[in-house]
2 protein chains.
Amino acid sequence: MSRPRGRPAGAQGLSRDAILSAALDLLGEDGASLGMRSLAARMGVTPMSLYRHVGDHASLLQALSERVYGEVLEEVDDGADAPARVRALLTRYHDAVGRHPQLTLAIFAEPAALAGTAQRITERLTGLLAAITPEYLLWRDILVDHAHGSGLALCAARGDGAQLDTMRAQYQRALDCMLERLTGLAAGGPG
Amino acid sequence: MSRPRGRPAGAQGLSRDAILSAALDLLGEDGASLGMRSLAARMGVTPMSLYRHVGDHASLLQALSERVYGEVLEEVDDGADAPARVRALLTRYHDAVGRHPQLTLAIFAEPAALAGTAQRITERLTGLLAAITPEYLLWRDILVDHAHGSGLALCAARGDGAQLDTMRAQYQRALDCMLERLTGLAAGGPG
DNA sequence: ACCTGAACACCGTTCAAGT
DNA sequence: ACCTGAACACCGTTCAAGT
């Protein structure tokens, strides 16, 4: 029973990329937490096979977070004005949380995993806000913290697709409300 | 070696209250996560002794969150106006996160643990905001999400006392800024 | 009623094979 | 270079004693 020891004969082997993709798939399923053993089982492989490709569990988490949150920075809409770009950047960030709530929760528990990417996102946001208001540091903190908190609510509602759409719309409303106050436009009235 | 089986002769036994207090102490220490085994070890007792008093790990978490976050509602300053009471309530909530970041992170991963208490806090906040603005639901979401996100940053900076004070002050500034926009007072200028 | 050890089904990770 | 099983030090939890 079970496979013989040593490298399998005809197998084409694992790849770091395939492991990361499988890990995101696994995290997307209901109630599945990202374990080295469950990830290995899903790939039909021994837990230890993973270590050569993705390092230990913390490294795996870091690689996943860079892949997911690195995409947030890929947006380019340099033509738009600063408030619109702030809006787009935060929406992308918030969406990334909604797409991978379990990963985000794991990162929150081990904040070093996101350090580099998070800093780059924050820097871009800071630059955009500086063009809008002299109180850009205060508003950067407000917008980032609010995005995190709203993302946390997304995490708590993991799995429920319909509710997720509602919450995404609520985030848009809240974000618009704050951007209006921030830019001083103070649009129309309530309702 | 080790103790004999059965109930120890002279021991006065465990109490639910003592266990919960010890659990909060344990969570307050650096890098200590709340395990049944580590908690039992700290109390000089077998892991299984705890189950009779606090139930399983999820129940323990829930009991702790009710103890910590229940205090948030104990505030009474009925004389103050609604914005001041909103400010006090959110500040207490935020402080509770800062005092128990590890517990809060554990709750975030298992949101059912806080369900009851969180709802009561949200209800009181909603009532207060309804007296201030017709857009009270929008602002309730904004303020709650922002408090959570800022609390999350507190969790990430766990342990560092000086930084904690700075972050608490930053939260006050952000909260004041939003309450000004919310009440329409629009105080002075930047700086 | 209350606490115990042994046991079960899990973890992440090290290490020494094996091909 | 790459994958393997066995082993180690952990988990939470069940169960059947023991007092």
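Since we're looking at a predicted model, the values are computed, not measured. Numbered from 1 within each chain, the chains take letters A, B, ... in sequence-line order.
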[atom1] of [X] versus [atom2] of [N]: gap in Å, rounded?
X	N	atom1	atom2	answer
A/Leu34	C/dT13	CG	P	11 Å
A/Leu60	C/dT13	CG	C1'	14 Å
B/Arg37	C/dA6	CZ	P	12 Å
A/Met43	D/dC3	CE	P	10 Å
B/Arg16	C/dC3	CZ	C1'	18 Å

Has the side chain of B/Ser65 got a donor or acceptor atom that lies under 3.5 Å from a matching backbone atom of B/Gln62?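 Looks like yes, one N/O pair under 3.5 Å.
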Among all residues two or more places apart in sequence or in another chain, which pass the side-chain hydrogen bond (donor to acceptor under 3.5 Å, both in side chains) test with A/Thr91?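 For A/Thr91 the side-chain hydrogen bond (donor to acceptor under 3.5 Å, both in side chains) partners, ignoring immediate neighbours, are A/Gln172.
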For DNA chain D, what residues of residues 47-58 of chain A have any heavy atom nearer than 4.0 Å? A/Met48, A/Ser49, A/Arg52, A/His53
Is there any salt bridge (Lys or Arg N to Asp or Glu O under 4.0 Å) pair reaching into residues 93-114 of chain B, and which pairs are they, with sequence neighbours excluded? B/Asp95-B/Arg168
Once salt bridge (Lys or Arg N to Asp or Glu O under 4.0 Å) is applied, do any residues pair with B/Asp25, and if so which ones, sequence neighbours excluded? none
Salt bridge (Lys or Arg N to Asp or Glu O under 4.0 Å) involving B/Arg140 - partner list, sequence neighbours excluded: none
Quick one: the dot-bracket string of DNA chain C, using Watson-Crick and G-U wobble pairs with both distances under 3.5 Å, [ ] for crossing pairs and | for bases paired to another strand. ||.|||||...|||||.||
Per atom distances to the B/Leu14 side chain, the nearest of D/dT13, C/dG12, C/dC3 is C/dC3
Think A/Thr46 has a side-chain N or O under 4.0 angstrom from the OP1 or OP2 of D/dG5? yes
Between the side chains of B/Asp176 and B/Arg87, is the shortest nitrogen-to-carboxylate-oxygen separation below 4.0 Å, so that they form an ion pair? yes
Could A/Arg120 and A/Glu66 be called an ion pair, given the rule that one side-chain N must be under 4.0 Å from one carboxylate O? no
Using the benzene-type ring in the case of Trp, are the ring centres of B/Tyr69 and B/His100 under 6.0 Å apart?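 No, ring centres 6.0 Å or more apart.
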